[in-house]
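Throughout, protein chains are lettered first and strands after them, A, B, ... in sequence-line order, and every chain is numbered starting at 1.
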Amino acid sequence: MADSGVTDGSLKKDEIERSKSEGRELTKEEKQRLRKEKKQQKKNKEKKDDNASQESEKEKKSVSSSSSAPQPPTQPATQKAPSAVPAPAPAVVPASETPAPVEKPAKSKAELKAERRARQEAERASKQGKKGETGQQAATGKPKAPPSELQPVVKRLPEHIQVDNPDVLKKLAKKLERQQIPLRLDYGYKVSLFSHLHQYSRKAPLTQQLSIPSSVIHPAIVRLGLQYSQGIVAGSNARSVALLHAFKQVIRDYTTPPNEELSRDLVNKLKPYISFLNQCRPLSASMGNAIKYIKKEISNIPSQCKEEEAKGKLLNCIECYINEKIILAAKAIAKYAIEKISDGDVILVYGCSSLVNHILCEAFEKNRKFRVIVVDSRPRLEGREALRRLVQRGISCTYVLISAVSYILPEVSKVFLGAHALLANGYVMSRVGTSQIALVAKAFNVPVLVCCETYKFCERVQTDSFVSNELDDPDDLIVTRKGKTQLEDWQQVPLLGLLNLVYDVTPPDFVDLVITDLGMIPCTSVPVVLRVKNVDL
Amino acid sequence: MPGSDKETDLTERIEAFLSDLKRGGSGTGPLRGSAETARETTALLRRITAQARWSSAGDLMEIIRKEGRRMTAAQPSETTVGNMIRRVLKIIREEYARSRGSSEETDQQESLHKLLTSGGLSEENFRQHFAALKANVIEAINELLTELEGTTDNIAMQALEHIHSNEVIMTIGRSRTVEAFLKDAARKRKFHVIVAECAPFCQGHEMATSLSKAGIETTVITDAAIFAVMSRVNKVIIGTQTVLANGGLRAVNGTHTLALAAKHHSTPLIVCAPMFKLSPQVRREYTINNSNNHFVSSGEILSKVNVHCPVFDYVPPELITLFISNIGGHAPSYIYRLMSELYHPEDHEL
């Protein structure tokens with residue numbers, strides 16, 4: 001297998017030399033071949049055929065995982081940044097892979113590279129042999145091991161929680177440079193407990209560093225990135241839907257370049273977009289799952305499919321995803337939740353969750369008699385938006401700040417909370433302050449119900465709000481009271497730090513019930529649902 | 001006539017004090033710390049003792065009670081006024097008893113026999129006239145004033161016993177006592193302070209700037225993040241507006257949540273409260289009216305929405321680990337005993 005590669009490589013090498021002298025940018029394929037050559041020459045002695053079939057299975061996983069774009073911490077092993085070097089080589093093979101979790105056997109890098117190379121050769125040979133069986137390849141390429149096998153799990157950390165590691169930052173910078181995306185700089189003094197996270201300023205959006213018109217990034221994506229970083233589009237569902245719509249636009253405007261396959265090239269086109277959006281604002285769990293789904297759909301497009309047909313199919317897939325996972329799921333959840341709302345209830349909600357608002361409006365239409373207490377917190381004050389929506393429908397509402405929760409809770413009969421993601425160990429990741437409300441509700445023996453669609457479930461585990469979080473602009477905390485702005489020049493004061501957290505995790509013992517589109521489950525059943533979902537995929 | 005001049009002067013002062021109290025509560029007047037209020041109240045009571053017309057202890061107590069009722073009615077949430085009045089009444093009783101010659105210990109004993117036979121000196125006993133009573137009472141009130149002046153320092157002196165190096169301490173809002181406490185410890189030890197800003201008035205911001213200027217590494221967090229960061233906090237140190245008779249607190253809005261979070265993480269909750277904040281009152285609710293809506297600005301839905309903005313929180317004694325006062329540290333279960341030393345049971349209702 002290696003020999004064919006060598007002969008192949010030498011031919012291509014001349015081409016590459018020629019293009020280099022012409023000063024043309026090397027195409028992706030050429031760059032990959034060059035790197036492959038170098039690796040081949042270095043590692044001629046290594047074992048290649050050792051457990052080729054089994055390892056290649058695992059290799060495919062690591063290959064596919066390292067080749068998919070930087071995903072939110074839900075897919076920690078899929079981060080490209082920590083391994084910029086082996087990344088481009090596997091990019092040749094992503095077509096048949098389904099980007100999915102997550103296993104990387106703990107072997108030496110050299111052996112991995114050798115096996116990967118061997119695998120690529122086998123793939124290419126087999127591909128030429130059986131063109132019409134890409135579907136089967138996808139099936140064989142399916143990285144999910146049968147549930148009975150326990151894979152050794154050595155995950156790679158996502159880049160965005162390793163900000164204090166200069167090597168990781170350098171790799172990220174190199175990757176972004178390659179994709180021609182500007183790097184966003186951190187702002188302000190970071191509290192030492194959170195020095196491993198990014199902290200950006202809203203006044204310095206990434207788009208200021210882009211040249212307009214930007215040829216690398218699709219304008220719909222640029223607009224989306226700006227909307228994210230300025231907080232115009234906020235909320236888990238809204239962000240996912242906006243992302244999917246932007247991707248639909250991208251797909252509509254996409255044309256396959258000659259000598260490229262749509263299934264492979266489109267995925268590669270999406271990667272810099274995803275990096276850009278990640279720089280604008282870290283991706284949420286729901287967005288990560290949506291991206292995974294799109295990539296899978298794209299790579300499943302058979303190669304003999306015509307471009308128009310393929311594009312139509314993809315657009316249809318995205319439509320279906322939005323419809324099923326978000327809109328219909330909301331209806332199903334509302335149906336279950338309305339059973340839990342009785343007449344005379346006093347319901348407490350926190351912040352602005354589109355799902356919870358939907359449930360309350362539906363319940364009101366079905367003539368349930370209840371009143372709502374909206375709890376809000378600085379600095380985002382999202383509760384005002386929820387208040388506006390509910391009052392417009394005619395629901396009687398009360399408004400308090402989160403510090404008054406223990407004052408108002410004796411009146412409350414139920415607490416409804418939305419979620420940003422549900423983690424595999426049963427913790428609920430949601431807007432900061434949610435865990436506090438759940439805590440106080442527990443102390444007063446008020447039931448806490450969390451409403452969450454299944455597409456927000458993710459396989460990460462987390463026990464506190466420090467290890468992985470998002471730091472918002474610290475200047476948001478500055479406020480003027482009685483004519484004085486105390487924190488105005490906080491940057492000048494050396495020992496003063498402002499902390500503006502976005503998320504926190506709620507332990508499962510505070511949550512009584514989770515309402516999903518699959519039904520009402522306890523918090524601890526989340527990994528079961530994940531397993532069922534993945535087997536279906 | 002000098003007598004009536006003194007009287008009018010006295011009434012003027014009392015009226016001025018009352019109007020100050022009223023304004024302070026509505027937020028329009030200058031904001032005073034409770035220590036200042038206590039000092040002014042005591043000074044005013046000393047003046048009443050000196051200048052008002054009275055012939056026996058009973059008369060004096062009646063005058064003070066009358067004025068005291070007016071003062072507490074002017075600003076019910078400012079409990080230090082009532083506390084000081086009760087202290088002075090207790091002083092009068094003690095001085096009277098000393099002048100009469102009966103030992104103080106018999107008064108203190110709360111034997112079952114005494115309780116059953118309707119214990120305590122009855123009003124009639126205060127009718128005797130003693131010449132030296134006035135001077136003694138004024139002297140005792142002066143002692144009380146000295147004590148009041150030294151409370152913050154006394155509390156701050158105990159700081160090093162409770163704070164060690166590299167600790168993370170959390171506090172909420174702004175308390176002058178806690179500020180002095182932390183600054184005193186910072187002279188010798190290095191530690192980190194997290195301040196919860198305590199919306200909507202955000203007094204925590206002032207506290208944070210003041211602490212950071214004193215060389216303490218400070219972080220400001222929002223109220224919503226209290227539980228999120230609590231797992232890294234070693235101690236919670238707070239001030240309070242009032243210490244209730246059962247060992248509970250009436251403290252600034254948000255303290256109950258803080259106390260629950262600390263309990264969940266088994267973090268000790270330390271309350272720095274001088275003795276003049278100890279009140280025999282029971283729990284009561286205090287709310288600002290909806291007219292104080294400076295944190296809800298959108299006009300058209302305002303009329304259809306109820307807005308609540310409570311000023312104080314009640315914290316039950318089970319959530320508190322330690323009280324640090326100017327006379328040392330106590331457990332919440334000991335507060336009832338301290339109270340019986342400070343106030344006479346008959347004075348609990350003015």
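Ion pairing between A:R388 and A:E385 holds under the 4.0 Å rule for side-chain N and carboxylate O. A:R371 has a carboxylate O that lies under 4.0 Å from a charged side-chain N of A:E411, or vice versa, which qualifies the two as a salt bridge. Ion pairing of A:D472 with A:R380 is present here, as a side-chain N (NZ or NE/NH1/NH2) and a carboxylate O approach within less than 4.0 Å. Ion pair B:E206/A:K484 not flagged as a salt bridge, since none of the NZ, NE, NH1 or NH2 atoms sits closer than 4.0 Å to an Asp/Glu carboxylate oxygen.
A:S377 touches chain B through its side chain: at least one heavy atom from C-beta onward sits under 4.5 Å away, while N, CA, C and O do not. Looking at A:L498, both its backbone and its side chain come within 4.5 Å of chain B, counting heavy atoms on both sides. Looking at A:V191, only its side chain comes within 4.5 Å of chain B, counting heavy atoms on both sides. Both the backbone and the side chain of B:N253 come within contact range of chain A, with heavy atoms under 4.5 Å apart. With a threshold of 4.5 angstrom between heavy atoms, B:I172 does not approach chain A through any atom at all. A:P379 touches chain B through backbone and side chain together, each having a heavy atom under 4.5 Å away. Neither the backbone nor the side chain of A:T434 comes within contact range of chain B; no heavy atoms are under 4.5 Å apart. With a 4.5 angstrom heavy-atom cutoff, A:V440 touches chain B via backbone and side-chain atoms both.
There is no side-chain donor-acceptor pair under 3.5 Å between B:T255 and B:Y314. For the residue pair A:T485 / A:T480, a side-chain donor-acceptor distance below 3.5 Å is found, with atom types taken as modelled. For the residue pair B:E36/B:S34, the side-chain donor-acceptor check at 3.5 Å is not satisfied. A side-chain donor-acceptor contact under 3.5 Å links B:T80 and B:E78.
Counting heavy-atom pairs closer than 4.5 Å to chain B, the top residue among A:L477, A:N500, A:V505 is A:L477. The residue among A:C397, A:A443, A:P494 with the most heavy atom pairs within less than 4.5 Å of chain B is A:C397. In terms of heavy-atom pairs under 4.5 Å with chain A, the best-connected choice from B:K213, B:H256, B:K263, B:H192 is B:H256. The most heavy-atom pairs under 4.5 Å with chain B, out of A:V391, A:V479, A:L439, come from A:L439. Interface remark: of the candidates A:D504, A:D464, A:I373, A:L390, A:D464 forms the most heavy-atom pairs closer than 4.5 Å to chain B. Contact tally against chain A (heavy-atom pairs below 4.5 Å) for B:I194, B:T219, B:V193: the top residue is B:T219.
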For this session: Apply the test salt bridge (Lys or Arg N to Asp or Glu O under 4.0 Å) to residues A:D476 and A:R202: give CA-CA distance (whole Å), side-chain angles for both, the deciding distance (0.1 Å), then the verdict.
Result: CA-CA 9 Å; A:D476 285 347; A:R202 192 160 300 128; 3.2 Å; yes
For this session: Go through A:Y187 and A:D475 one step at a time and tell me if the side chain to side chain donor-acceptor pair (under 3.5 Å) criterion holds.
Result: CA-CA 10 Å; A:Y187 167 76; A:D475 290 336; 2.5 Å; yes
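When the heavy atoms of residues 181-190 of chain B are compared with those of chain A, none of the residues falls under 4.5 Å. Of all residues spanning residues 223-235 of chain B, those with a heavy atom less than 4.5 Å away from chain A's heavy atoms are B:D223, B:A224, B:A225, B:I226, B:F227, B:A228, B:V229, B:S231, B:R232, arranged by number.
Within the structure, every pair that satisfies the ring-ring contact (aromatic ring centres under 6.0 Å, His included) test and touches residues 410-435 of chain A, not counting sequence neighbours, is listed here: A:H420-A:Y503.
One distance of note links CZ of A:R368 with CG of A:L360; it measures 12.0 Å at 0.5 Å rounding.
Here the side chain of A:D473 pairs no donor or acceptor atom with the backbone of A:S201 at under 3.5 angstrom.
With B:I335 as reference, B:L278 is the one residue of B:I320, B:N246, B:L278 to meet the side-chain contact (heavy atoms from CB on, under 4.5 Å) rule.
By the side-chain contact (heavy atoms from CB on, under 4.5 Å) test, B:A259 pairs with B:L269, B:V315, B:L319, sequence neighbours left out.
When side chains are defined from C-beta on, A:P447 does not count as touching A:V415, because their heavy atoms never get closer than 4.5 Å.
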